[in-house]
Amino acid sequence: MATLSDPHPTLHAYNTLSKKKEPFRTVQAGKVGIYLCGPTVYDKAHIGHMVGPVIFDCIKRYLTYCGYDVTWVVNITDVDDKLINKANERGISMLEVAEENIKDYNDNLSALGVDQIDHFPRATDCMDEIIGFVKALVDEGFAYESAGDVYFDVAKDTNYGKLSNRSVDSMQGEGGGTAERKRGLADFALWKSAKPGEPAWESPWGNGRPGWHIECSAMSKKLLGETFDIHGGGLDLVFPHHENEIAQSECCHSKPMVTYWAHNGLLRASSAAGKVGGRGERDRKSSADEQASGKMSRSKGAGGLADLIARQGGERIRFFLLRTHYRSTVLFNEPAIEEAGSGLDGFYRLFKRYHRITGKDFYAIESPSTREAGAIEPGNDDVLKAAATCREKFLTAMDDDFNTGGAIGELFELAKIINKFCDQANLEDGGKNDSAAIVSLEKMLTTLKELSAILGIFSHPPQDSGGGDELLDPVMQLLIDLRAEARANKNFTTADAIRDGIGPLGIALEDRGGGTEWTGGDAGSLEGLMQLLIALRQTARANKDFATSDTIRDRLATIDVTLEDRPGGTEWTRS
RNA sequence: GGCGCCGUGGCCAAGUGGCUAAGGCAUCGGAUUGCAAAUCCGACAUCGCCGGUUCGAAUCCGGCCGGCGCCUCCA
């Protein structure tokens, strides 16, 4: 084996090839090449396609943070049987099918904060490299032509099966129509001859298209070299895809293809999923079958990823995926994403608290981007010591095969330390002027930013998933003012009526020293708020409290909302 | 049949030989609040079962029970 760099002092990575965690060494000192198998773009992406990109996005961020110069490649398979079938079904070209789904894939990636990918090679853009690779294998005697197809001769590769731990005899290979063209059942296609009308490229073996496995060998070689550091993909790709990649590349180059094989666990549909739409709790029998657990796939009803993101927001989904170690199976269901979101909300509240205290925006904090620069010097400060310990534990978890789940635990711990500090130093009130305390606070939030940046979260405020109405804020301000007045007058009946009235609309109030804040709300909330205001105004009028009733109408008028009293009740319109 | 993974509190989930088994969600007390919410404090598990190795195991070995994956396209 080629000599690798000295190991990183602390980082270890699991290797599917050795089935062990190994000290992290690189092909070239200070550099890391990562190749992740991307999607075959014959249809829209589903949530399962996001697992690999999210975890490798974190892996790249962490390696960069640790000082490596990282290049990350995700390939796009834009030529294969399924694409051709899809194109025929829809009466459009294969290229159009691909373009459409690549856009969908990219949109989903960016919604989940995956923005670290350096190269997105497409199989159809690398035909020369692919054909060259096949030709080299044929020339070396590892592959043979048969009736316009080219097959890899598995019998020539004595190491075949080392990744998936299989013996050649136990393999079925592609049966069916191609069996008689092959020398061995386990032989797999490098090049497939084209039928009339199919997309095809010229080659020494006639017109055809590449097999699935060869594109990854060719593209990784083109962009990362003959030996590179990390090759990732879903656990379901170990065999045959990655096994075949190894066979192709290592026979061709006579050297290791990859140092670390990293495979993420698969998403599983949870049978306990509380499906939206399945109202009837009673007819479990029929719906239970449909929700039978199994790997997430289109046939199991996965999909609607864009809708899911619209409902939940990308950050929740990313956080949900990172809570579990990447090699584990994740049971997927929407309530679980919401639960992850509840945890996330605590961080968002902390950021608001930080803003209340300092007037500064958490998202604007510039945090250290390297491991060395981020070290805290706590001195004798117990709080900073505790924060520094959290940071150490976070990094230890990440060092241990990118244990994002363990790392997230430390993030929560750090948030608690900060909240406690704010409480004890009374920072929302008199302590605001304690400049030493503010400095400590800033240090801890900077650390929080530094660590969350490794996970790729909290870089932007979460987008409003509900699509809030622009009237929501002024209407809420009016309600908050009315409630404040009621409270000042010890009229708690009215004050509580307001709070209890907006609660069911998905909006929560938090009374702070400096005023009342509100959170939540979606497109459907406004109507309920208006009805609440109308009811409050009716009550006021019934009590001859015309000051209040007029205030409501006048304040609404300033935001271009008109109330009209009619015999059947009051209606509101916006102009 | 072959290869492999998993089983930690109500739910999710770190921890893979040694301090009182992280953390999140939920629940129950307490501080705080006009009452709430938020925040903080506290309560809440001996790690599927049995046996073995060891001074010592959730962590290693064996058996059993239960769940899952790959062996065909798949992130």
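Owing to the predicted nature of the structure, the values given are computational and were not obtained by experimental measurement. Side chains are part of it too, since the values below use all heavy atoms of this structure and drop only hydrogens, waters and symmetry mates. Chain letters run A, B, ... following the sequence lines, proteins first and then strands; every chain starts at 1.
- Other residues, nucleotides and ligands place more than 12 heavy atoms under 6.0 Å from the NZ atom of A/Lys432.
- Ring-base stacking between A/Phe492 and B/G34 is satisfied, the centre separation being under 5.5 Å and the plane angle under 30°.
- Among B/A14, B/A75, B/G24, the nucleotide with an atom closest to any side-chain atom of A/Leu266 is B/A75.
- Between the side chain of A/Lys82 and the base of B/C73 there is at least one donor-acceptor pair of N/O atoms closer than 3.5 Å.
- In the model, A/Thr77 has a side-chain atom that pairs as donor or acceptor with a side-chain atom of A/Glu215 under 3.5 Å.
- Taking the centre of each ring, A/Tyr260 and A/Phe24 come in below the 6.0 Å mark.
- Atom pair A/Leu163:CG and B/G69:P shows a separation of 20 Å (rounding to whole Å applied).
- Using a 4.0 Å heavy-atom cutoff across all strands shown, A/Glu339 reaches at least one base atom of the nucleic acid.
- Here the P atom of nucleotide B/C73 and the CG atom of A/Asp43 are 18 Å apart, to the nearest Å.
- Atom NZ in A/Lys420 sits about 16 Å away from atom C1' in B/U32, given to the nearest Å.
- The number of heavy atoms from other shown groups lying within 6.0 Å of NZ (A/Lys490) does not exceed 12.
- Across all strands shown, B/C35 forms no Watson-Crick or G-U wobble pair with both distances under 3.5 Å.
- You won't find any donor-acceptor pair under 3.5 Å spanning the side chain of A/Arg327 and the base of B/C5, going by distance alone.
- Across all strands, A/Asn403 comes closer than 4.0 Å only to sugar-phosphate atoms, never to a base (heavy-atom distances).
- Of the C1' atoms belonging to B/U8 and B/C3, the separation is 27 Å, rounded to the nearest Å.
- When the P atom is used for both B/U59 and B/U16, the distance is 12 Å, rounded to whole Å.
- Pairing of B/A58, defined by two Watson-Crick or G-U wobble distances under 3.5 Å, is not identified with any nucleotide.
- The residue A/Gly52 sits apart from the nucleic acid: no heavy atom pair falls under 4.0 Å.
- Counting non-hydrogen atoms under 4.0 angstrom, A/His325 reaches the backbone sugars and phosphates but no base.
- One finds no side-chain N or O of A/Ser328 lying less than 4.0 angstrom from the OP1 or OP2 phosphate oxygen of B/C68.
- Toward the 5′ end of RNA chain B lies the nearest nucleotide of A/Ala397, the other residue of the pair A/Glu410 and A/Ala397 mapping further downstream.
- Separating the P atom of B/A58 from that of B/C64 is a span of 23 Å, rounded to the nearest Å.
- Counting non-hydrogen atoms under 4.0 angstrom, A/Gly38 reaches the backbone sugars and phosphates but no base.
- As rounded to the nearest Å, B/G42 and B/G24 have P atoms that lie 12 Å from one another.
- A/Ser440 has its side chain within reach of A/Phe421: a pair of non-hydrogen atoms, C-beta onward, lies under 4.5 Å apart.
- The distance from atom CE of A/Met398 to atom C1' of B/A14 is 14 Å, rounded to the nearest whole Å.
- Among the heavy atoms of the strands lying under 4.0 Å from A/Arg483 is at least one base atom, whether or not backbone atoms are also near.
- As rounded to the nearest Å, B/G7 and B/A45 have C1' atoms that lie 15 Å from one another.
- Atom-to-atom, CG of A/Asp57 to P of B/A75 comes out at 19 Å; the value is rounded to the nearest Å.
- Nucleotide B/G15 holds its C1' atom 17 Å from the CZ atom of A/Phe394, rounded to whole Å.
- For the residue pair A/Asp401 and A/Tyr326, a side-chain donor N or O sits within less than 3.5 Å of a side-chain acceptor on the partner.
- Comparing B/G34, B/A14, B/C40 by their nearest atom to the side chain of A/Arg499 picks out B/G34.
- In this structure, the CD1 atom of A/Ile408 is 12 Å from the P atom of B/G24, given to the nearest Å.
- Protein atom CD of A/Glu413 is 20 Å distant from nucleotide atom P of B/A13, rounded to whole Å.
- For A/Cys37, taking side-chain heavy atoms from C-beta onward, the closest of the listed nucleotides B/C70, B/G34, B/A75 is B/A75.
- On the P atoms, B/A21 is 13 Å away from B/A43, given to the nearest whole Å.
- If you check every strand for non-hydrogen atoms under 4.0 Å, A/Asp496 touches a base.
- In this structure B/C47 sits in no base pair that meets the Watson-Crick or G-U test at under 3.5 Å.
- Heavy atoms of A/Gly234 sit under 4.0 angstrom from primed sugar atoms or phosphate atoms, though from no base atom.
- Using a 4.0 Å heavy-atom criterion, one finds that A/Leu509 contacts the bases of the nucleic acid, with or without backbone contacts as well.
- Remark: the separation of the C1' atoms in B/A13 and B/C6 is 14 Å, to the nearest Å.
- Distances from the side chain of A/Arg166 to the nucleotides B/A38, B/C70, B/A75 place B/C70 closest.
- Residue A/Arg349 is in sugar-phosphate contact alone, with no base atom involved, counting any heavy-atom pair closer than 4.0 Å across all strands shown.
- Comparing A/Arg487 and A/Leu237 by the nucleotide of RNA chain B that holds the closest heavy atom to each, the one mapping nearer the 5' end is A/Arg487.
- Rounded to whole Å, the P atom of B/G17 lies 14 Å from the corresponding atom of B/A57.
- A/Phe347 and A/Phe458 have their aromatic ring centers within a separation under 6.0 angstrom.
- In the model, A/Tyr151 has a side-chain atom that pairs as donor or acceptor with a side-chain atom of A/Asp149 under 3.5 Å.
- The base-pairing partner of B/C3, taking Watson-Crick or G-U wobble contacts with both distances under 3.5 Å, is B/G69.
- Between A/Asn165 and B/G4 there is a side-chain N or O to OP1 or OP2 distance below 4.0 Å.
- Within 3.5 Å, no donor on the side chain of A/Arg323 pairs with an acceptor on the base of B/A13, nor the reverse.
- Using Watson-Crick or G-U wobble geometry with both donor-acceptor distances under 3.5 Å, B/C19 finds no partner in any strand shown.
- The side chain of A/Lys416 lies closest to B/G24 when the candidates are B/C25, B/A75, B/G24.
- Checked against the 6.0 Å centroid criterion, the rings of A/His213 and A/His242 do not qualify as a close aromatic pair.
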